[in-house]
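Notes for the one structure printed next.
Read the numbers this way: they start at 1 and go in the same order the structure lists the ligands and their atoms. Numbers here simply count residues along the sequence, with the first being 1.
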Amino acid sequence: YLSLEASQTWILYWIAHSLNILGRKLTESEARGITRFCLECRTEQGGFGGGIGHHPHAAATFAATSALFIAGTVLPEAFEVLDRRKFLHWVLRDLKISLPEGAAFRVTRDGESDVRATYCVLATASLLGVLTEELASGVASWISCLRAFDGGFGGEPYNESHGGYTFCALASLRILNDSGFLSEKEFESLVNPCRKWLLLRQRQFEGGFQGRPNKLVDACYAYWIGASCKIVDVEFNASALARYLLRYCQDFETGGFRDKPGSDPDFYHTCYALS
Ligand code: FPP
Ligand code: ZN
């Protein structure tokens with residue numbers, strides 16, 4: 001778990017969300033644990049770090065916010081850890097940048113800017129009810145420059161298309177559309193070229209999804225590609241996918257899901273296989 005040192009708020013989210021899907025309500029003490037830990041990861045600037053004493057990061061903030069929303073269903077004081085105004089101020093001051101292609105976000109001050117940051121900022125802002133015009137302006141235009149030659153979306157302009165980043169791009173466009181910052185017509189013209197690319201990610205033999213052409217199937221793409229299909233109404237073979245997950249990715253001794261036979265199960269793949 002040393003490699004997950006900076007992803008501790010994600011671990012809370014992966015576990016809380018998995019339990020939520022399984023219909024197992026958090027206990028009050030679990031919700032209190034999440035609340036206390038997130039409070040310790042909260043920074044002066046407004047976002048959350050991935051661990052105690054870490055710099056604020058867009059992905060750690062999205063994970064902490066999501067975990068707190070789940071904890072808040074059994075312990076309302078979890079919501080008090082969230083400071084909407086400070087979050088918005090931090091995003092506009094430290095993360096939002098203007099590029100020739102439009103507006104993007106950095107994951108942290110002076111950090112890299114990719115569509116993961118865009119999705120994490122938009123999703124958190126939407127959850128917190130602070131998705132303002134100032135935050136959203138120019139973002140759809142930058143996302144439109146992420147399309148690769150094969151129809152999928154890459155993480156940054158001119159990158160290879162990938163299922164993880166394609167999800168971030170499509171979910172961001174849907175949030176912008178839902179919030180009135182992108183018309184249905186513009187949304188449709190931006191998403192249509194990736195429908196065939198999404199469908200081709202389901203492998204006939206295994207039934208699972210791969211994240212990019214010529215790579216192996218992996219359980220987590222059941223979410224990154226599967227949710228993308230849902231966002232743009234693409235129908236995939238759900239029973240073949242279920243068979244891959246339930247029969248080949250479950251660890252029948254320890255429980256949990258793994259990316260593929262031969263690997264060990266982990267919280268990340270368990271969360272996204274269930275999702
Ligand atoms: C390739 O790894 C993986 C990436 C390039 C990043 C994938 C991005 C995500 C999963 C999205 C993250 C989104 C959020 C909201 C944090 P690999 O080469 O090991 O895997 P592959 O062979 O399946 O491409
Ligand atoms: Zn995976």
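- Summary of contacts: the protein heavy atom closest to atom 6 (C) of ligand 1 is Tyr165 OH, 3.7 Å.
- The residue among Arg212, His162, Lys215, Lys260 with a heavy atom at the shortest distance from atom 4 (C) of ligand 1 is His162.
- Here the protein heavy atom with the shortest distance to atom 14 (C) of ligand 1 is Arg116 CG, 3.7 Å.
- Cation-pi contact between Arg42 and Phe48: absent, since separation from the ring centre below 6.0 Å together with deviation from the ring axis within 45° is not met.
- Comment: Glu40 does not engage Arg36 in a salt bridge, judged by the lack of any side-chain N to carboxylate O separation of less than 4.0 angstrom.
- Nearest N, O or S atom of Asp218 to the Zn ion (ligand 2): atom OD2.
- Heavy-atom proximity to Cys168, at under 4.0 Å, picks out these atoms of ligand 1: 13 (C).
- Between Phe79 and Phe69, the ring-plane angle classifies as perpendicular under the 30° and 60° cut-offs.
- With respect to atom 11 (C) of ligand 1, the closest heavy atom belonging to the protein is Gly164 CA, 3.5 Å.
- One option in Phe167, Tyr119, Tyr221, Tyr268 has a heavy atom closer to atom 20 (O) of ligand 1 than any other, and that option is Tyr221.
- Within the 4.5 Å cutoff, no side-chain heavy atoms of Thr118 are placed close to those of Cys168.
- Aromatic pair Tyr223/Tyr272: centroids less than 6.0 angstrom apart.
- Between Glu134 and Arg93 no salt bridge is recorded (no basic side-chain N to carboxylate O distance below 4.0 Å).
- Counting only heavy atoms, the protein gets under 4.0 Å from atom 18 (O) of ligand 1.
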